Amino acid sequence: MSFYDFERIERKWQEKWKTKNNFHGEDFSEKQKYYMLVMFPYPSGKLHMGHVRNYSIGDVIARFKRMQGYNVLHPIGFDAFGLPAENAAIKHGIPPKEWTINNMAEMEEQLKRLGFSYDWDREVKTCMPEYYKWTQWMFLQMYKNGLAYKKKSFVNWCPSCETVLANEQVVNGECERCGTKVGKKNLEQWYFKITDYAERLLNDIEKLKGWPEKVKIMQENWIGKSTGAVIDFAIEGREEKIKVFTTRPDTVFGVTYIVLAPEHPLVTQISKGTEYEQQVNDFVYKMQFVNEVDRTSADLEKEGVFTGAYAINPANGERVPILTANYVLLDYGTGAVMAVPAHDERDFEFAKKYNLPIRVVINPEGSELDPESMISAYTDDGIMCNSGQFNGMNNRKAYNKIIDYLKEKGVGDYKVNYRLRDWLISRQRYWGAPIPIVYCEKCGEVPVPEEQLPVMLPEDVVFTGKGESPLTTSETFMNTTCPKCGAKATREKDTMDTFVCSSWYFLRYTDANNDEKPFDFEKAKYWMDVDQYVGGVEHAILHLLYSRFFTKALYDFNISPVDEPFRNLLTQGMVLKDGAKMSKSKGNIVSPEEIISQYGADTARLFIMFAAPPERDLEWSDQGVEGCFRFLNRVWRLVDELAPKCRDAKQIDINTLTKDDKEMRRILHSVVKKVTEDINDRFNFNTAISATMELVNALYQYKEKDNAKIEIIAEALEKLILILAPFVPHITEELWEMMGKTGSVHEQMWPNYDIEALKQDEIEIVVQVNGKLRGKVLVPAEANQDEVLSIVKNDEKIKQILEEKQIIKEIVVPGKLVNLVVK
RNA sequence: GCGGGCGUGGCGGAAUUGGCAGACGCGCUAGACUUAGGAUCUAGUGCCCAGUGCGUGGGGGUUCAAGUCCCUCCGCCCGCACCA
């Protein structure tokens, strides 16, 4: 008798896997490819349970597909640039590179101890020059194709850290690092023109059949397409016009005022010299200090002031006042709104507050609205009025006619607007890929030629956490010569957003060690697209949308062979403890290392796959882990006891099987069937594991029977080990060896099930009377409906129930149920 | 406010196409083995007033049959939120 020494076993097999590298994805193999991708981690120092869950799911799928005969690509790497490394430098004086490299080494160690079957030869680390050289190359392709540009704009600014922040680093209007309220600053920054792809990114969501509905809807909302018109309003006494975007051009005759965003450049111009100049300036000044969260919140009290200027409504020539108000945003549409209080809730609320006129231009069919008594805007359809030649028309019909009319007059046009903004990729940070641009005294902005890449990150920088990008402290970096003319030049001081690095890493995996190109087109063509992507839902917008954009852009440049990167997406749920997300502040963290040392990686993996289906949140349970450990011990003892006898088991002779033998085989083969389907069709790993537990329970029963046959046991143990292999890769290798088998269990074919073995001689039929369960009968498997009914009616118990009752209806569900409706 | 998801024993969860509600695991109860057990094995375990009873958040409906379909209400979670 031996005991389940998980520590020895896991070490032993991890050693063997390391030397053999049997998890290699083979380029251009004849076998069908399967690209199994998990979201690569940020090297924060240690893996957390969320990682373990993510990667366990990925590994089970990868191992399962391998056993099914696929040529599997299952890579891993690190999203290694980012702010925490710089914080460590500021706080502890450790260079970001050193900090990151140490963390990556530690996390690699952890990944290996969990037994994940990665193709380590393809490991990618985005902070290494071998990688970021190509990130810079990507930037140049974007630049060459007009998709990278510089513009001055209002960006998030943390006054305490003195740096620009990405939207994702602004949490509830506060800087995630220091908690300071984030303001706005007008800065010149680099952008990628993702808005050029808005329509395709939206339309192609349709292609993403294997994505969760939720993620698709989130992307749709993020892109935020709306159709309508732009209409030009002339300003009285000025040359400039105010362009407004509206989704309701049909209400243009109802405009009673115009509103500009406080940041709109025209605001100060048109109020200049009027008696309202001071109040406008005060208002604009005040608005600068309202953070974006409050500013865009629907509960914000609407405020505004008159600018002193008037606009002319091009539809009816009417003179309407121009106001500026906090409810209009500069960066949506044109930053100006035509206000129709009668038919827009926000305009209505504002007009009521400031006593602005309300004019009805659409009446509900069969009634007339009275502006005086209205308590809310009328936003539904109806019949046009007060609208000149459009009166009497249905507003839907008038919609296009009005745009056509304005277009003819040269004061309007059809317009599609998106909420999606261009992607700000500049970061005033050190630990990122430098933007490969040089500023020459003579030539101006010059891209670094491809053959001069990478633009290396310098190491002689000073980290203060204050001021500009730390890169400016490196003179060797900043001072350079112009690649065009050789004159004195300085380098771009900003680095790229780390989301740029992660927007193409899945392509790099297909050819990770290429030092001539980011990746070979043919290799990418062989492997792409990703068959299954697994990761947290927190990336639903940013990473997944950026990656889709990158893939489409690269496709257009003939660099990527596909225009959508991820065929199927699985968003795994969070790992919770005591009903809450694990966090330091709550003190409810369970560390993977603790679990591995106490129970082993196999138990950790098994529990995490068993406790909940993958998309759902998972409640951590120490007792649940204990239960999985017990199960593995149960399997161990079973094989330990029986494997020696199985070695000389003979072939199963179908003709000599007893009822018990047949039942054992029926359970075995139905479990193999269920596990196969649960993994393959539904990713229901939890039910796959519970079926395997049932098989083990059945084997414990069967082996105690006097007439138990060792060949039946041998067949069952062999298949049991095989179906467990993707979940618990170490113990199954050991058990496979104990069974006297040669070769790795992970190189075996996934077991088949025998349809013959699933067949039963007798089937249990549920008997209902008036829909209520009243008994069960055994019927021969081949019995027809009449035979089943007669067996049912002759059953003693049923007979009693049916006494003095009249059967009105008989329902027979073959192989399952009989329902007798009686009176 | 809008959009999405969820609600099943003491707990995590199962029920795939409308067909035995509660698989499997945890916990609990009893027994066996034992110097001992927090190891292992065996049996039991939705609820109750214990029967032709009740039961999948509440109420209503469709159906021979509803956790599953329809209507309605309630609660929780997530995303978006003055987007003109």
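Everything quoted here is computed from the prediction, not taken from an experiment. Just so it is clear: chains get the letters A, B, ... in the order the sequence lines come, proteins before strands, and each one is counted from 1.
Protein atom CG of A/Asn770 is 12 Å distant from nucleotide atom P of B/C64, rounded to whole Å. Between A/Glu349 atom CD and B/G1 atom P the separation is 15 Å, expressed in whole Å. In this entry the distance linking CD of A/Glu345 with P of B/A84 reads 14 Å, nearest Å. We find that NE2 of A/His264 is positioned 13 Å from C1' of B/A84, with the value rounded to whole Å. Separating the NZ atom of A/Lys216 from the P atom of B/G4 is a distance of 14 Å, rounded to the nearest angstrom. Put simply, OH on A/Tyr418 is 22 Å from P on B/C80, counting in whole angstrom units.
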Test log, rule ring pair (Phe, Tyr, Trp, His ring centres under 6.0 Å), inputs A/Phe607 and A/Trp620 | CA-CA 9 Å; A/Phe607 169 73; A/Trp620 188 268; 4.9 Å; yes
Please list each protein N or O that sits under 3.5 Å from an N or O in nucleotides 45-52 of chain B, with the distance.
none

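The stretch residues 671-693 of chain A participates, sequence neighbours left out, in these salt bridge (charged side-chain N to carboxylate O under 4.0 Å, His left out) pairs: A/Lys673-A/Glu677, A/Lys674-A/Asp678, A/Asp678-A/Arg682. The salt bridge (charged side-chain N to carboxylate O under 4.0 Å, His left out) analysis of residues 613-630 of chain A, with sequence neighbours excluded, yields no pairs. Residue pairs meeting the salt bridge (charged side-chain N to carboxylate O under 4.0 Å, His left out) criterion with at least one member in residues 694-705 of chain A, sequence neighbours excluded: A/Glu641-A/Lys703. For residues 244-254 of chain A, every residue pair satisfying the salt bridge (charged side-chain N to carboxylate O under 4.0 Å, His left out) rule, not counting sequence neighbours, is listed here: A/Arg248-A/Asp250.
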Nucleotides 9-21 of chain B: protein proximity per nucleotide (B base, S sugar-phosphate only, - neither; heavy atom, under 4.0 Å) | ---BSSSB--BB-
B/S/- contact track for nucleotides 33-40 of chain B, protein heavy atom under 4.0 Å | -------S
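Considering only residues two or more places apart in sequence or on other chains, A/Arg605 meets the salt bridge (Lys or Arg N to Asp or Glu O under 4.0 Å) condition with A/Asp59. Not counting sequence neighbours, the partners of A/Phe350 by the ring-ring contact (aromatic ring centres under 6.0 Å, His included) test are A/Tyr257, A/Tyr327, A/Tyr354. Here A/Phe683 pairs with A/Phe685 under the ring-ring contact (aromatic ring centres under 6.0 Å, His included) rule; sequence neighbours left out. Not a single salt bridge (Lys or Arg N to Asp or Glu O under 4.0 Å) links A/Lys577 to another residue, sequence neighbours left out.
In this structure, A/Met49 CE and A/Asn54 CG are separated by 14.0 Å, a value rounded to the nearest 0.5 Å.
Of the P atoms belonging to B/C69 and B/C20, the separation is 15 Å, rounded to the nearest Å. Distance noted for atom P between B/G9 and B/C64: 30 Å (whole Å).
Residue contacts for A/Ser621: at a heavy-atom cut-off of 4.0 Å it reaches no nucleic acid atom on any strand shown. Within 4.0 Å of A/Gly224, counting heavy atoms only, lies no atom of the nucleic acid at all. At a threshold of 4.0 angstrom between heavy atoms, the contacts of A/Val259 with the nucleic acid are absent.
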Dot-bracket for RNA chain B: what is it, with Watson-Crick or G-U pairs under 3.5 Å, [ ] where a pair crosses earlier ones, and | for a pair to another strand?
-> (((((((..(((......[....)))((((((.......))))))(((..).))..(((((..]....))))))))))))....
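An OP1 or OP2 oxygen of B/A84 is reached within less than 4.0 angstrom by a side-chain nitrogen or oxygen of A/Ser226. Within the structure, every side-chain polar atom (N or O) of A/Asn697 is placed at least 4.0 Å from both OP1 and OP2 of B/A23.
More than 12 heavy atoms of other residues, nucleotides or ligands shown are found within 6.0 angstrom of NZ on A/Lys353.
You'll find the side chain of A/Phe610 stays beyond 4.5 Å of the side chain of A/Phe727, heavy atoms only.
If you check the side chains of A/Arg634 and A/Asn697, you find a donor sitting under 3.5 Å from an acceptor.
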